[in-house]
There are 2 protein chains.
Amino acid sequence: MPRADAVSNRARIVEVARDLLNSTSELPMNAVAKAAGVGQGTLYRNFATREALLAEVYRADVDQLVASAPQLLAEHDAATAFRRWLDNVADYARVKRGVLAALEPGPGHALAAGHSGPIGEVIEVLLAAGRAEGSIRADVSAQDVLLLLGFLSREEAAEPAHHLLDLIFNGLRTR
Amino acid sequence: MPRADAVSNRARIVEVARDLLNSTSELPMNAVAKAAGVGQGTLYRNFATREALLAEVYRADVDQLVASAPQLLAEHDAATAFRRWLDNVADYARVKRGVLAALEPGPGHALAAGHSGPIGEVIEVLLAAGRAEGSIRADVSAQDVLLLLGFLSREEAAEPAHHLLDLIFNGLRTR
DNA sequence: CTTGTAAGTGGACACGTGTCCGGTTAGTCT
DNA sequence: AGACTAACCGGACACGTGTCCACTTACAAG
């Protein structure tokens with residue numbers, strides 16, 4: 001059972017981080033610690049990396065992203081749903097630059113286990129639907145897609161994101 | 001006309017950096033400066049970023065990579081040549097982890113001008129050949145390819161590189 | 001040979017990151 | 001209530017990065 005102050009500290013860290021991101025879109029770890037009134041030790045114990053902190057801050061957004069997939073699958077064929085979902089990811093990534101960092105597999109975090117968090121599972125679902133439909137290559141894993149999506153984290157790729165997604169998605173399709 | 005000592009300093013910096021990479025595969029900038037017997041100021045003036053230094057160290061390798069493209073185009077059809085060339089890139093990237101950093105477009109360096117250095121030009125040549133042949137999509141730019149190749153810089157992508165290249169190349173092809 | 005000066009030098013500095021550890025405190029047990 | 005202990009706290013620290021600027025020196029002109 002975690003201590004009460006530890007819980008509130010963690011919550012305050014996330015809250016402060018969200019505020020910082022809204023105002024400056026920068027996220028210096030030591031600034032977060034100072035603003036939250038905790039030491040760096042506490043900050044790093046709760047969130048070992050900046051990505052972990054971002055993941056918590058954007059968890060609601062990630063959840064929404066995850067939730068949109070089944071909805072898309074219900075309304076469209078698998079290929080279209082997949083394509084639309086990728087567009088959703090790109091849109092989120094452009095608005096909130098941190099989202100993509102949040103869904104990236106941490107070092108040694110994703111390679112060992114097969115699942116790369118909720119996002120990985122959703123991609124797997126979309127891939128499975130596409131495979132069943134015959135529109136998506138059978139040799140594509142969620143890990144592959146995640147890796148290919150890595151370009152979204154590059155700053156240079158703000159605008160042509162949809163175009164690049166087009167190329168990537170074209171590559172995932174059967175021919 | 002640059003000063004004589006400046007020239008030798010620059011050469012020694014590159015030499016030292018190469019040695020460091022061969023022994024530790026790490027490249028701390030201040031370590032390079034100290035080992036080369038120059039101040040950090042000198043180092044950063046000659047090479048504004050670590051990438052610039054890596055680019056110089058691996059220039060010979062990059063040149064070889066660039067030279068292999070026309071050769072491949074002479075021996076195979078454009079699509080095959082392009083595919084083989086991508087494999088070459090992946091092989092280089094796996095052996096010398098720094099090569100990929102060397103060919104990446106620096107911030108604001110590649111977006112403005114159309115050319116992203118020699119690598120960008122080679123890719124453009126391969127793309128043009130593929131377009132003429134009708135096997136490569138017309139809406140693909142060298143910049144796109146460079147961005148998509150960005151996954152090579154991720155550590156996690158050491159082994160499945162060829163598979164991912166397969167997916168990417170599949171995306172570049174016409175259908 | 002002396003002097004001028006523009007280029008070059010190199011180290012101090014400010015900043016961000018992540019680790020480590022002595023002190024503190026919440027929750028529990030008697 | 002009082003004491004114990006394990007978890008927690010938070011700041012000092014060591015390290016790497018990149019910038020800045022006072023000093024030095026190569027080269028040229030008189």
Side-chain angles (χ1 to χ4, degrees), chain A residues 1-57 97-98 101-102 104-109 153-155, chain B residues 1-57 97-98 101-102 104-109 153-155:
Chain A
M1 175 178 169
R3 262 163 54 171
D5 59 338
V7 172
S8 75
N9 269 342
R10 183 186 170 95
R12 201 166 57 259
I13 287 172
V14 173
E15 187 180 350
V16 163
R18 199 190 319 271
D19 289 350
L20 274 185
L21 281 172
N22 282 344
S23 60
T24 68
S25 76
E26 298 270 313
L27 193 60
M29 292 298 267
N30 55 10
V32 174
K34 190 155 63 174
V38 302
Q40 293 177 337
T42 300
L43 173 55
Y44 277 100
R45 200 167 338 96
N46 277 285
F47 304 100
T49 66
R50 186 197 326 286
E51 287 65 43
L53 177 52
L54 285 171
E56 186 64 25
V57 170
R97 199 59 61 99
E104 274 176 27
H109 174 266
S153 58
R154 310 267 161 186
E155 307 235 336
Chain B
M1 173 178 171
R3 262 163 52 170
D5 59 338
V7 172
S8 75
N9 269 342
R10 184 186 168 95
R12 202 166 58 259
I13 287 173
V14 174
E15 187 180 351
V16 163
R18 199 191 317 272
D19 290 350
L20 274 186
L21 280 172
N22 282 344
S23 60
T24 69
S25 76
E26 298 271 314
L27 193 59
M29 293 298 266
N30 54 10
V32 174
K34 190 155 62 174
V38 303
Q40 294 176 336
T42 300
L43 174 56
Y44 278 100
R45 197 168 343 93
N46 277 287
F47 304 100
T49 66
R50 188 198 324 287
E51 287 65 44
L53 178 52
L54 285 171
E56 185 64 25
V57 170
R97 201 56 62 100
E104 274 176 29
H109 174 267
S153 59
R154 310 266 162 188
E155 307 235 335

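Below, chains carry the letters A, B, ... as their sequence lines are ordered, and counting in each starts from 1.
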Show me, pair by pair, the donor-acceptor contacts under 3.5 angstrom made by side chains of residues 14-22 of chain B, not counting sequence neighbours?
from    : atom 1 : to      : atom 2 : distance (Å)
B:Arg18 : NH1    : B:Val57 : O      : 3.0

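- Listed here is the closest heavy atom pair of B:Phe47 and B:Ile13: CE1-CG2, 3.7 Å.
- Between B:Asp5 and B:Ser8, the shortest heavy-atom distance links the atoms O-OG, 3.0 Å.
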Under 4.0 Å protein heavy-atom contact, by nucleotide of nucleotides 17-28 of chain C - B base, S sugar-phosphate only
BBBB----BSS-
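- DNA chain D is contacted by A:Ala6, A:Asn9 of residues 6-18 of chain A, taking any non-hydrogen atom closer than 4.0 Å.
- With sequence neighbours excluded, the residues that form a side chain to side chain contact (heavy atoms under 4.5 Å, CB included) with A:Ala6 are A:Arg3.
- Considering only heavy atoms from C-beta on, A:Thr42 comes within 4.5 Å of A:Arg45 through its side chain.
- With rounding to the nearest 0.5 Å, the separation of CG in A:Asn9 from CZ in A:Arg12 is 4.5 Å.
- Atom CG of A:Leu43 is separated from atom CG of A:Leu53 by 6.5 Å, given to the nearest 0.5 angstrom.
- Considering only heavy atoms from C-beta on, A:Met29 stays 4.5 Å or farther from A:Gln40 through its side chain.
- If you take CD on A:Glu51 and OG1 on A:Thr49, they are separated by 4.5 Å, rounding to the nearest 0.5 Å.
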What protein N or O atoms touch nucleotides 2-4 of chain C N or O atoms at under 3.5 angstrom, if any, and at what distances?
none

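- One axis for each end of the helix from C:dC1-D:dG30 to C:dT30-D:dA1, each built from five base pairs, and the angle between them comes to 10° at 10° resolution.
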